[in-house]
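The chains referred to below are lettered A, B, ... by the order of the sequence lines, with proteins before strands, and numbering in each begins at 1.
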Amino acid sequence: MNYWLIKSEPDAFSIDDLAARGAAGEPWDGVRNYQARNFMWHDMQIGDQVLFYHSSCKDVGVAGLAEVLSDAMPDPAQFDPESRYFDPKATAEKPRWYLRRFGFVRKFAHVVPLATLRAYPDLQQMMLLQRSRLSITPVRPEEWRIITELGLNQRPD
DNA sequence: GCCAACGTTGGC
DNA sequence: GCCAACGTTGGC
């Protein structure tokens, strides 16, 4: 079992949107970075646990928890000329981009802010903090423990 | 909206 | 295969 962090702009797709998908989850299309793709394609496994991160928004940080629901499959958007994720170099025989389905687990009462992560000595090695533009990054067990503890122990308003 | 970081593209 | 130009991401 592995731990991961995935980023999403909540204006486009938030933790609430993921919750609304229910048990079917959401196909995570549009990943167009090779390193992120390789994590998702080769290294994830069904059942892996995921931190859901909100980027490019008012409350930047970890918004809740998700999980890997499916095996990897070719991202259909790469074949669709109408899609912003269309890739003319991808073919059905040799797809370039893959996706998996992610499912909702829970939402934190409050986002655990990026600034909080940055302030924790034990989180300094997080790949998120070192490779800030990568949309999918692995998370170490100790990092998972710290962040979920922060998220789950918050008081609701 | 600005701008730094950084991944990708393409000419040579 | 190098590297400059370019485009995108994402925090602030």
Side-chain angles (χ1 to χ4, degrees), chain A residues 2-21 25-44 48-68 72-102 104-140 142-144 146-151 154 157:
Chain A
N2 303 305
Y3 300 108
W4 304 95
L5 180 145
I6 63 173
K7 293 197 290 191
S8 186
E9 297 186 18
D11 290 345
F13 193 87
S14 70
I15 187 82
D16 293 322
D17 295 319
L18 187 65
R21 293 293 189 267
E26 172 74 3
W28 210 249
D29 65 356
V31 171
R32 293 296 181 269
N33 169 285
Y34 288 107
Q35 198 174 2
R37 178 203 67 178
N38 291 343
F39 285 141
M40 185 159 60
W41 187 12
H42 295 309
D43 299 331
M44 278 184 184
D48 282 359
Q49 298 296 295
V50 177
L51 300 170
F52 195 97
Y53 179 93
H54 282 175
S55 67
S56 297
C57 59
K58 186 166 151 287
D59 294 313
V60 169
V62 180
L65 307 178
E67 65 182 335
V68 177
M73 61 195 85
D75 179 348
Q78 70 194 302
F79 308 124
D80 176 7
E82 302 298 308
S83 170
R84 63 177 289 223
Y85 300 122
F86 177 63
D87 184 344
K89 293 179 182 165
T91 64
E93 297 71 35
K94 208 159 185 222
R96 267 193 174 183
W97 307 110
Y98 287 79
L99 59 74
R100 286 176 188 261
R101 300 189 83 88
F102 292 111
F104 176 77
V105 173
R106 64 175 296 167
K107 180 184 179 179
F108 294 155
H110 306 283
V111 166
V112 177
L114 175 60
T116 300
L117 306 184
R118 287 198 198 285
Y120 263 75
D122 290 345
L123 298 179
Q124 295 311 300
Q125 300 309 309
M126 279 193 81
M127 198 165 184
L128 169 75
L129 301 183
Q130 303 193 341
R131 306 288 310 282
S132 62
R133 295 181 50 187
L134 204 53
S135 63
I136 298 178
T137 49
V139 172
R140 296 176 182 83
E142 176 66 2
E143 296 163 351
W144 175 272
I146 293 169
I147 295 168
T148 53
E149 198 168 286
L150 289 170
Q154 297 160 338
D157 288 325

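- Residues A/Leu123 and A/Ile146 meet the side-chain proximity criterion, which asks for heavy atoms closer than 4.5 Å.
- Proximity of a side-chain donor or acceptor of A/Arg37 to a complementary backbone N or O of A/Arg96 within less than 3.5 Å is detected.
- Looking at A/Ile15 and A/Phe104, their side chains come closer than 4.5 Å, going by heavy atoms from C-beta outward.
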Would you mind building the protein contact string for nucleotides 6-12 of chain C? One character per nucleotide, 5' to 3', B for base within reach (heavy atoms under 4.0 Å), S for sugar-phosphate only, - for untouched. -BBSBS-
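- Between the A/Thr148 side chain and the A/Trp144 main chain, a donor and an acceptor come within less than 3.5 Å of each other.
- A cation-pi geometry, defined here as NZ or CZ lying under 6.0 Å from the six-membered ring centre and within 45° of its normal, does not hold between A/Arg101 and A/Trp28.
- Between A/Arg32 and A/Asp87, none of the side-chain N atoms (NZ, or NE/NH1/NH2) sits under 4.0 Å from a carboxylate O, so this pair counts as no salt bridge.
- For the pair A/Tyr98 and A/His42, the minimum side-chain heavy-atom distance is 4.5 Å or more.
- The shortest non-hydrogen separation linking A/Glu143 to A/Asp122 is CG-O, 4.3 Å.
- Both A/Asn33 and A/Lys89 sit near DNA chain B, but only A/Asn33 has its closest nucleotide nearer the 5' end.
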For DNA chain C, the expected dot-bracket line (Watson-Crick or G-U under 3.5 Å, [ ] crossing, | inter-strand) is ||||||||||||
